[in-house]
Amino acid sequence: MESELRGFNTKPSKTPQPDPTHDDASSRDDRPLLTSVSNVLELEKKCAAYVRNDVYGAMGRGELPLMEKLQLGIAFVTLLPLRIILVMTVLVVYYLICRICTLFSVPNHGEGQEDYAHLGGWRRTVILRSGRFLSKTLLFLVGFYRINETHNGSKNSQENSKTAGTLQPDEPEQRPGAIVSNHISYLDILYHMSSSFPSFVAKRSVANIPLVGLISKCLGCVYVQRESKSSDFKGVSEGTTTNGDYLISFKTGAFLARAPVVPVILKYPYQRFSPAWESVTGVRHVVFLLCQFVNHMEVTWLPVYYPLQLEKDDPKLYANNVRRLMASEGNLILSDIGLAEKRKYLATLNGNNSMPSVLRQKDD
């Protein structure tokens with residue numbers, strides 16, 4: 001990691017002598033990666049897709065105005081406990097529903113993972129309908145009282161679909177194979193569960209999370225190993241979240257089937273705390289989110305994108321064309337930055353906890 005960041009340093013750093021009681025990897029990981037304010041600002045420009053721009057600043061540790069501190073304090077002692085109780089109640093209820101529906105059922109096993117996506121009949125109906133209803137309930141409980149949804153997109157999206165991926169009336173109509181959406185927060189999952197209840201790609205560790213693990217198996221999640229320390233194992237390339245203003249490159253997995261896709265654009269308008277899960281710990285993010293009295297979500301469903309033969313033959317081209325259409329319709333900035341750069345940025349912030357000035361929201 002340090003060698004990857006060496007190009008961002010403006011001054012050479014002294015290399016500490018290795019500690020004989022620790023291995024080299026742990027010694028490197030314990031050292032601050034960058035110590036220059038200018039380096040942090042430079043990296044923020046390179047990693048603009050992952051920078052928090054709300055009043056809470058990077059890592060959720062920015063200097064807060066007095067009014068924000070008052071609102072946060074009031075919500076912390078009133079709204080936060082109530083929402084936590086209600087959210088946990090809904091989560092436990094759905095877990096119990098999934099547990100009952102999977103009793104005496106043998107899960108699918110394949111490639112080191114298991115799921116219950118094969119369930120049918122009343123079991124599947126109960127899991128699906130209760131899941132959609134309770135997902136909407138959870139969104140309401142955390143402050144998303146009204147979600148602004150727009151279907152079929154604008155005239156511009158329809159014109160783009162005629163040139164980049166056409167509605168092909170002369171061919172048999174194909175059912176969309178996937179929903180392609182930008183990824184901003186774990187809240188994206190709740191929305192998609194409430195609207196269409198699809199399967200998701202998730203880290204393998206999700207399957208072991210209490211309560212959530214069984215629910216993800218009932219969703220039929222595809223678990224991937226994001227990375228592995230083993231030299232003979234290649235981790236699966238997986239996407240990540242952005243701050244909502246950018247659209248990074250799509251992975252080709254959803255386009256390999258050469259089936260039509262449904263592009264969906266998510267946005268979270270905010271004034272105080274951004275629901276984007278960037279440069280902030282999970283606990284801190286949940287607390288700030290639940291302390292926000294009202295949260296907002298805007299969703300745009302674009303027309304089904306039917307790929308041309310050229311796109312079917314080239315999944316990367318297919319993915320890029322869908323991405324460009326979504327960026328145009330959602331007024332999003334295209335960026336080719338990836339997960340590796342995000343890790344550099346987060347590691348840099350973690351190594352500069354003693355410099356709060358660079359973590360505050362910048363006026364420029």
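One-based numbering along the sequence shown.
When the shell of 6.0 Å around CZ of Phe293 is examined, it contains more than 12 heavy atoms from other residues, nucleotides or ligands.
Side-chain atoms of Asn320 do not come within 3.5 Å of backbone N or O of Arg323 as any donor-acceptor pair. When atom types are taken as modelled, the side chain of Arg52 and the backbone of Ala276 share a donor-acceptor pair closer than 3.5 angstrom. No donor-acceptor pair under 3.5 Å is formed between the side chain of Ser335 and the backbone N or O of Leu247. Between the side chain of Ser135 and the backbone N or O of Met193, no donor-acceptor pair lies under 3.5 Å. Panel note: side chain Tyr345, backbone Ser279; no donor-acceptor pair is recorded below 3.5 Å. The backbone N or O of Val280 sits less than 3.5 Å from a side-chain atom of Trp277, completing a donor-acceptor pair. Panel note: side chain Ser328, backbone Arg324; no donor-acceptor pair is recorded below 3.5 Å. Arg272 contributes no side-chain N or O that, together with a main-chain N or O of Val55, makes up a donor-acceptor pair within less than 3.5 Å. The closest donor-acceptor contact from the side chain of Asp188 to the backbone of Ser185 lies under 3.5 Å.
When hydrophobic clusters are built by joining Ile, Leu, Val, Met, Phe, Trp and Tyr residues whose side-chain heavy atoms come closer than 4.5 Å, directly or via intermediates, Val93 is grouped together with Ile189. Cluster membership for Leu86 and Val294, using ILVMFWY side-chain heavy atoms within less than 4.5 angstrom, is not shared. In terms of hydrophobic clustering, with Ile, Leu, Val, Met, Phe, Trp and Tyr side chains grouped at heavy-atom distances under 4.5 Å, Val77 and Met67 are assigned to different clusters. A continuous path of ILVMFWY side-chain contacts below 4.5 Å connects Leu138 to Val283, so both sit in one hydrophobic cluster. Leu72 and Leu66 are members of different hydrophobic clusters when ILVMFWY side chains are connected at heavy-atom separations under 4.5 Å.
Taking 4.5 Å as the limit, some side-chain heavy atom of Met326 sits within range of a side-chain heavy atom of Phe250. Within the 4.5 Å cutoff, the side chain of Leu266 has no heavy atoms near those of the Glu298 side chain. Val180 has its side chain out of reach of Val262: every pair of non-hydrogen atoms, C-beta onward, lies at least 4.5 Å apart. Contact of the Cys291 side chain with the Val287 side chain is registered, since non-hydrogen atoms from C-beta on lie closer than 4.5 Å. In this structure the side chain of Leu119 reaches within 4.5 angstrom of the side chain of Ser105, judged on heavy atoms. Put simply, the side chain of Met297 does not reach to within 4.5 Å of the side chain of Asn148, judged on heavy atoms. A heavy-atom distance below 4.5 Å is found between the side chains of Leu339 and Arg343. You'll find the side chain of Asn53 reaches within 4.5 Å of the side chain of Tyr270, heavy atoms only.
Nearest heavy atom pair, residue Pro275 against residue Leu187, reads CB-CD1, 3.8 Å. Closest heavy-atom contact between Pro198 and Leu219: O-CD2, 3.6 Å. Minimum interatomic distance between Ala49 and Ile248 (heavy atoms only, all atoms of both residues): CB-CG2, 4.5 Å. Of all heavy-atom pairs spanning Pro260 and Tyr306, the tightest one is CG-CD2, 3.5 Å. Nearest heavy atom pair, residue Tyr318 against residue Ala259, reads OH-O, 2.7 Å. Scanning both residues, Thr102 and Leu214, for their nearest heavy atoms gives OG1-CD1, 4.3 Å.
Between Phe288 and Phe273, the gap from one ring centroid to the other is short of 6.0 Å. Here Tyr50 and Tyr246 keep their ring centres 6.0 angstrom or further from each other.
Contacts of Asn108 classified as side chain to side chain donor-acceptor pair (under 3.5 Å), with partners at least two apart in sequence or in another chain: Asp115, His118. Considering only residues two or more places apart in sequence or on other chains, Arg124 meets the salt bridge (charged side-chain N to carboxylate O under 4.0 Å, His left out) condition with none of them. Applying the side chain to side chain donor-acceptor pair (under 3.5 Å) rule to Ser205 yields no partners; only residues at least two apart in sequence or on another chain are considered. Not a single side chain to side chain donor-acceptor pair (under 3.5 Å) links Asp314 to another residue, sequence neighbours left out. With sequence neighbours excluded, the residues forming a side chain to side chain donor-acceptor pair (under 3.5 Å) with His285 are Tyr186, listed by chain and number.
Evaluation of the salt bridge (Lys or Arg N to Asp or Glu O under 4.0 Å) test over residues 276-294, restricted to residues two or more places apart or in two chains, returns Glu278-Lys342.
Looking at Val90, Thr89, Leu96 one by one, the single match for side chain to side chain contact (heavy atoms under 4.5 Å, CB included) with Val92 turns out to be Leu96.
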- Task: Output, in order, the C-alpha distance, side-chain angles, deciding distance and verdict of side chain to side chain contact (heavy atoms under 4.5 Å, CB included) for Tyr223 and Lys217.
- Result: CA-CA 9 Å; Tyr223 304 114; Lys217 294 175 184 178; 3.3 Å; yes

- Task: Report the C-alpha separation of His192 and Ile179 in whole Å, then their side-chain angles, then the decisive distance to 0.1 Å, and conclude whether the side chain to side chain contact (heavy atoms under 4.5 Å, CB included) test is met.
- Result: CA-CA 9 Å; His192 286 299; Ile179 294 175; 4.0 Å; yes

- Could you walk me through whether Glu341 and Lys46 pass the salt bridge (Lys or Arg N to Asp or Glu O under 4.0 Å) check? CA-CA 8 Å; Glu341 289 83 1; Lys46 296 177 181 291; over 6 Å; no

- Lys267 and Asp245: CA distance, side-chain angles, deciding distance, salt bridge (Lys or Arg N to Asp or Glu O under 4.0 Å) verdict: CA-CA 8 Å; Lys267 289 190 175 183; Asp245 296 327; over 6 Å; no

- Task: Could you go through the side chain to side chain contact (heavy atoms under 4.5 Å, CB included) check for Leu82 and Leu141 one step at a time?
- Result: CA-CA 9 Å; Leu82 178 61; Leu141 292 177; over 6 Å; no

- Task: List the steps and the verdict of side-chain hydrogen bond (donor to acceptor under 3.5 Å, both in side chains) for Glu149 and Tyr191.
- Result: CA-CA 11 Å; Glu149 293 181 291; Tyr191 171 76; 2.3 Å; yes

- Task: For Leu290 and Leu79, run side chain to side chain contact (heavy atoms under 4.5 Å, CB included): C-alpha distance rounded to whole Å, both residues' side-chain angles, the deciding distance at 0.1 Å, then the answer.
- Result: CA-CA 7 Å; Leu290 296 183; Leu79 194 59; over 6 Å; no

- Message: For a side-chain hydrogen bond (donor to acceptor under 3.5 Å, both in side chains) check, start with the C-alpha distance between Tyr268 and Asn243, then their side-chain angles and the critical distance, and finish with the verdict.
- Response: CA-CA 10 Å; Tyr268 296 88; Asn243 58 17; over 6 Å; no

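To the nearest 0.5 Å, atoms SG (Cys218) and CD1 (Ile97) are separated by 10.5 Å. To the nearest 0.5 Å, atoms CD1 (Ile215) and CD1 (Ile127) are separated by 10.0 Å. Here the straight-line distance linking atom NZ of Lys136 with atom CD1 of Ile147 works out to 9.0 Å at 0.5 Å rounding.
Ring geometry for Phe197 versus Tyr94: interplanar angle over 60°, hence perpendicular rather than tilted (30 to 60°).
Side-chain atoms of Tyr305 and Glu311 include a donor-acceptor pair closer than 3.5 Å. No hydrogens or angles considered: a donor-acceptor pair under 3.5 Å links the side chains of Glu68 and Tyr56.
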